[in-house]
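Notes for the one structure printed next.
Worth saying up front: this structure is predicted, and the values here are computed from it rather than measured.
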There are 2 protein chains.
Amino acid sequence: MVQLNFNHLRYFWTVAKEGSIARACEVLHLTPQTISGQLKVFEESIGNALFQRSGRGLVLTDTGRLVKQYADEIFALGGELSQQLRDAGPVNSFTVGLVDSIPKLIAYQLLEPLITSADPVKLVCHEGKIDQLSSDLALHKLDMVLTDTPLPAGHAIKAYNHHLGSTQVGFYAHRRIARKYSAKFPASLEGAPMLLPVQASAMRRDLDDWFLRNSIQPKITGEFADSALIKAFGEAGAGIFPAPAAISEHIEQTYHCRFIGNADGISESYYAVSVERKLKNPSVVRMNEAAHEWLSS
Amino acid sequence: MVQLNFNHLRYFWTVAKEGSIARACEVLHLTPQTISGQLKVFEESIGNALFQRSGRGLVLTDTGRLVKQYADEIFALGGELSQQLRDAGPVNSFTVGLVDSIPKLIAYQLLEPLITSADPVKLVCHEGKIDQLSSDLALHKLDMVLTDTPLPAGHAIKAYNHHLGSTQVGFYAHRRIARKYSAKFPASLEGAPMLLPVQASAMRRDLDDWFLRNSIQPKITGEFADSALIKAFGEAGAGIFPAPAAISEHIEQTYHCRFIGNADGISESYYAVSVERKLKNPSVVRMNEAAHEWLSS
DNA sequence: TTTATTATTCGATATTTTCGAAGTAAATTG
DNA sequence: CAATTTACTTCGAAAATATCGAATAATAAA
């Protein structure tokens, strides 16, 4: 016996459990000659009889009893595994890492195609800093990372940036404030109360550059790591805040704000980072297409 | 998945252990396309991916990790079983029950063909009363019972007597005693010191009948359940004892006795009792043939 | 006895596994 | 950055294996 044949073991085990080949046939949906033959092959491969032919029936030999004990355990485990796999169902889960600075609404818009499709996936989202997320990606704890800054090329981690599209950046504020700054935009922003992302974010770097180019020095009222927090402050009237133009309508409705104007010349890009150079995962491909469509309009 | 395919499981497990299809190929002596294909079939039968294709390699998914844990246990058990079966070797053991009253030398002569043959069997002998032995036979704890009395036909136990042959019964004694009783045998036995089997034995019943028919009344010095004990007493000169003529030479040599004469008209028969009506077990068939040959000469 | 049940043997047939050839994609190399 | 090597996959055809139908044997039950 080179290697244990589990098919034979199963037949043997069923016969041993049921007490006869005839009964095992019903359980296994096979004919007696098949089981009898396979049993014989098994016995020959083992080199010992498993059953003693007695009258027109079979009785386990010592070896047979030994084998049955192991088979009991083995098929108990096998059954348990099958059950677990059945319970789990076809999960097709997809784990995404979201960089903190990416607006939740953008993330939702980008990921939405994954859950509303013919072949829906179970979406698992994690948030964190790009360093943490990219190392998780390398460890295959994540299937993809959504970020607004592409991963540096010379990075130790093998991963590829897939550009999803870009959007202009606009300024929004509570209607009372917005009215005041809408006229003579962008010059009006000089000394205006401003809520901005932290220095680490891509948008902040672009905005600082834009303010410089336009010779505007706003009054920075607050800095936020989480983009949702900015908007909550903005809704309360704490100041003007920047947001992707792509979700302009949502911003105005959800946070009861008004659009003031676009930061001309700067744009926010979004990237899907994955370990595959070419996107193959159907979920990612779908998302990529939808993103391009959305962010080009 | 109707039923877990252990072949697929083994391939999956090997790939998971070795880390790549390529390495698994070497272990399993298969080509990559086989393993890749079978793995795919397995994944489809499960309904979930087991590996995530990453670059030109594979990484376990959550489901894959679950399956691997079970596979570890299952194949550990399988390996253990294989090892035990390998260690055991082709044992072909054969368990015989010997009725107390059957002479050990007769038993040896009958069973000898089983151990000195091209396909030797491991002989396991038990001794006991016919009742105990025949019930053990029914429970398949014994393959055969050797006895000098056939099992009654109407017995509750399903078993068949196979007549092995018969032998005359002779009288033996220490040479000093033998000389005295050899002349005028069998009349000389009147009042002679006699060592006999217990009433329960077949030989004793036959002998009592023979004494009656020949109008001899010996002086019974002792009764023994075990036939070997009679001979030990006989060797010491305690009296005349009966023994199968078939082992006459052995008796004379081993116990330093002399043959006095045969109990004409009576014979001892030996039977192999087994659960099979027709002897099929090659060991038993061989023994049966050898016994017939021996006891006909 | 006859009948029903159980297991086995022997081909013929189906199914499953395996491999060769060719292709894709990613890592490595010059 | 093109060429080479490595690793996996896809698609048939071939090989190995399992299954079954028909016939047989033996035992148990009626």
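The side chain of A/Thr34 places an N or O atom within less than 4.0 Å of a non-bridging phosphate oxygen (OP1 or OP2) of D/dC20. Contact check, A/Arg53 against C/dA7: no side-chain N or O comes under 4.0 Å of OP1 or OP2. For B/Asn5, a side-chain nitrogen or oxygen approaches OP1 or OP2 of C/dT17 to under 4.0 Å. A sub-4.0 Å separation between OP1 or OP2 of D/dT19 and a side-chain N or O of A/His29 is absent. Listed pair A/Tyr160 / C/dA27 meets the phosphate criterion, a side-chain N or O lying under 4.0 Å from OP1 or OP2. Phosphate proximity of C/dA7 to A/Lys40: absent, as no side-chain N or O sits under 4.0 Å from OP1 or OP2.
In this structure, CD of B/Glu44 is placed 14 Å from P of C/dT16, rounded to the nearest angstrom. Counting to the nearest Å, the C1' atom of C/dT18 and the OH atom of B/Tyr11 are 8 Å from each other. Atom CD1 of B/Ile35 and atom P of D/dC8 are 9 Å apart (whole Å). Separating the CZ atom of A/Arg10 from the C1' atom of D/dA18 is a distance of 14 Å, rounded to the nearest angstrom. Here C/dT17 presents its P atom at 6 Å from CG of B/Asn7, a figure rounded to the nearest Å. Atom pair A/Gln33:CD and D/dT24:P shows a separation of 14 Å (rounding to whole Å applied). The distance from atom CD1 of A/Ile21 to atom C1' of D/dA25 is 14 Å, rounded to the nearest whole Å. Rounded to whole angstrom, the span from the CD atom of A/Gln3 across to the P atom of C/dT17 amounts to 16 Å.
Judged by distance alone, with hydrogens and angles left aside, A/Arg56 brings a side-chain donor or acceptor within reach of the base of D/dT27, the pair sitting under 3.5 Å.
Taking for each of B/Leu30 and A/Ser20 the nucleotide of DNA chain C with the nearest heavy atom, the 5'-most of the two is the partner of A/Ser20. The residue among A/Val41 and B/Glu276 whose nearest nucleotide of DNA chain D lies closer to the 5′ end is A/Val41. Nearest-nucleotide assignment on DNA chain D puts the 5′-proximal partner with A/Thr31, out of B/Val275 and A/Thr31.
Listed nucleotides D/dT9, C/dT18, C/dA7 differ in distance to B/Pro32; the shortest reach to its side chain belongs to D/dT9.
Residues B/Ala202 and B/Glu268 approach most closely at C-OE2, 4.1 Å, considering heavy atoms.
Inter-residue side-chain proximity for B/Val284 and B/Phe94 is flagged as met; some heavy-atom pair is nearer than 4.5 Å.
Between the side chains of B/Thr95 and B/His126, no donor-acceptor pair of N or O atoms lies under 3.5 Å. In this structure, a donor-acceptor pair under 3.5 Å is present between the side chains of B/Asp143 and A/Gln52.
Checked against a 6.0 Å centroid threshold, the rings of B/Phe42 and B/Phe6 do not count as neighbours.
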